[in-house]
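Following: one structure in structure tokens, then a few remarks.
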Amino acid sequence: NQAIAYKPEYSWNYEIGSHSNWMDKRLQIHTALFYIDCYNQQLTIFPPGQSTGRLMSNAGKTRSFGAELSFVYTCNQWEWSGNYGYTNARFLSYRDGKADYAGKYVPYTPQNTVSLNGEYRWNIKKPWIDDVVFRADWRGAGKIYWNESNTLSQAFYGQLGASISCKKDGYLFSIYGKNITNMVYQTFYFKSVGNSFVQQSKPLQIGLSVKIEI
């Protein structure tokens, strides 16, 4: 029980925000500020020594605060959207029996998240096709700490994507590319049998997809 049992997590969440429309509702802007007090926050930990697997544990107390801003702008066949989020999550009190992590950042929580999207819809209205949609997006995240001592981390990174889609009635055919610039970054950190490992990002991906609405 000492190894596998853990306590429930409790939190108080405070948030204030706004939703507004501008330019005859072509521009929508959403903002939010938040603050979170968390007690017995559940954390993923790795067993010491030559053991493998993952366990759940509780931190004493953490606090998080941040802000979010998003927008959507439409004009004729164009649509632009974006989102930015900032999070500052730290331990207020946490001892694992070996070290005191008070003031350290909570692992696996990106400090910044960003997304930008642009889309153009070409209304063809032919017997064999209705619309062609051109889309590009850029997404970023970081800095992300991988451990409680904040000695391992992934710096901020961004990746670019794009797609061309053809739509007819309930059929959607798309050609897409993900991580077009072939950005290399870490997506996960873990320990196994006493060794540390990182999982790398997926490389450039190009593919086709077909969706059918019934």
Side-chain angles (χ1 to χ4, degrees), residues 26-32 44 46 52-54 66-87 89 105-147 152-193 195-214:
R26 289 186 312 225
L27 175 62
Q28 302 176 21
I29 297 178
H30 310 282
T31 62
T44 298
F46 303 94
T52 186
R54 287 180 284 172
E68 295 178 356
L69 171 66
S70 63
F71 76 92
V72 178
Y73 175 72
T74 56
C75 181
N76 300 323
Q77 285 78 40
W78 288 94
E79 180 177 290
W80 301 91
S81 62
N83 178 274
Y84 172 73
Y86 170 75
T87 301
Y105 288 100
V106 178
Y108 303 103
T109 303
Q111 294 183 1
N112 300 276
T113 55
V114 186
S115 68
L116 295 172
N117 309 281
E119 181 179 293
Y120 178 77
R121 184 177 297 272
W122 183 19
N123 303 119
I124 298 180
K125 300 300 180 184
K126 298 293 184 179
W128 51 277
I129 192 172
D130 291 333
D131 304 301
V132 178
V133 180
F134 302 89
R135 180 180 175 85
D137 61 81
W138 182 83
R139 302 178 186 278
K143 190 176 187 178
I144 306 172
Y145 288 98
W146 298 128
N147 57 358
L152 301 171
S153 64
Q154 166 61 52
F156 183 88
Y157 65 89
Q159 55 178 325
L160 181 66
S163 66
I164 301 176
S165 303
C166 300
K167 186 176 182 180
K168 176 60 181 178
D169 298 329
Y171 296 88
L172 183 67
F173 176 81
S174 302
I175 301 174
Y176 64 85
K178 297 181 179 180
N179 195 11
I180 293 176
T181 59
N182 202 30
M183 174 69 66
V184 178
Y185 55 92
Q186 300 169 1
T187 63
F188 191 66
Y189 163 86
F190 64 98
K191 279 188 174 181
S192 182
V193 293
N195 297 307
S196 297
F197 298 88
V198 293
Q199 181 177 338
Q200 274 199 343
S201 57
K202 294 181 179 179
L204 164 67
Q205 302 173 68
I206 298 176
L208 306 173
S209 67
V210 178
K211 295 182 180 180
I212 303 174
E213 295 181 1
I214 300 176

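Residue indices begin at 1 and follow the sequence shown. Keep in mind that the numbers below use all heavy atoms, side chains included, and drop hydrogens, waters and symmetry copies. Here the structure is a predicted model, which means the values were calculated and not measured.
- Ion pairing between K167 and D131 fails under the 4.0 Å rule for side-chain N and carboxylate O.
- Here D169 contributes atom CG and I129 contributes atom CD1; the two are 11.0 Å apart, rounded to the nearest 0.5 Å.
- Between T87 and P110, the closest heavy-atom pair is CB-O, 3.8 Å.
- With a 4.5 Å cut-off on side-chain heavy atoms, I144 and Q111 do not count as touching.
- If you take CZ on F188 and CZ on F197, they are separated by 12.5 Å, rounding to the nearest 0.5 Å.
- Atoms OG and CD1, on S165 and I175 in that order, are 9.0 Å from each other to the nearest 0.5 Å.
- Using modelled atom types, no side-chain atom of N179 and backbone atom of Q159 make a donor-acceptor pair closer than 3.5 Å.
- Y171 OH: 12 or fewer foreign heavy atoms inside a 6.0 Å radius.
- Considering every non-hydrogen atom in both Y176 and L208, the closest pair reads CE2-N, 3.8 Å.
- Between the side chain of S163 and the backbone N or O of S174, no donor-acceptor pair lies under 3.5 Å.
- Formation of a donor-acceptor pair under 3.5 Å by the S115 side chain with backbone atoms of R139 is not found in this model.
- Across W122 and F134, no two heavy atoms sit closer than the pair CE3-CE1, 4.3 Å.
- Nearest approach of N182 to L204, heavy atoms of both residues: OD1-N, 3.0 Å.
- Rounding to the nearest 0.5 Å gives a distance of 8.5 Å between CD1 of I29 and CZ of F71.
- No side-chain donor from either of Q199 and Y189 sits under 3.5 Å from a side-chain acceptor of the other.
- The CD1 atom of I180 sits 4.5 Å away from atom CG of L160, with the distance rounded to the nearest 0.5 Å.
- Remark: K202 pairs with Q205 by the side chain to side chain contact (heavy atoms under 4.5 Å, CB included) rule, at least two apart or across chains.
- The two residues A155 and K143 come nearest to each other via the heavy atoms CA-CG, 4.3 Å.
- Between E213 and K211 there is no salt bridge, since no side-chain nitrogen of the basic residue lies less than 4.0 Å from a carboxylate oxygen of the acidic one.
- The two residues Q186 and Q154 make their nearest non-hydrogen contact at N-OE1, 2.8 Å.
- The distance between the ring centers of Y108 and Y145 does not fall below 6.0 angstrom.
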**Message:** Using the rule given for side-chain contact (heavy atoms from CB on, under 4.5 Å), can you reason through N123 versus R121, listing the C-alpha separation, both sets of side-chain angles and the distance that settles it, and then say yes or no?
**Reply:** CA-CA 6 Å; N123 303 119; R121 184 177 297 272; 3.9 Å; yes

**Asked** Is there a side-chain contact (heavy atoms from CB on, under 4.5 Å) between V132 and Y120 once you walk through the steps?
**Response** CA-CA 8 Å; V132 178; Y120 178 77; over 6 Å; no

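- To the nearest 0.5 Å, atoms CH2 (W138) and OG1 (T181) are separated by 10.0 Å.
- No side-chain heavy atom of P107 sits under 4.5 Å from any side-chain heavy atom of N147.
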Taking distance alone, no hydrogens or angles, what donor-acceptor pairs closer than 3.5 Å link side-chain atoms of residues 73-86 to residues at least two apart or in another chain?
from : atom 1 : to   : atom 2 : distance (Å)
S81  : OG     : N117 : ND2    : 3.3
Y84  : OH     : N112 : OD1    : 2.5
Y86  : OH     : N88  : ND2    : 3.2

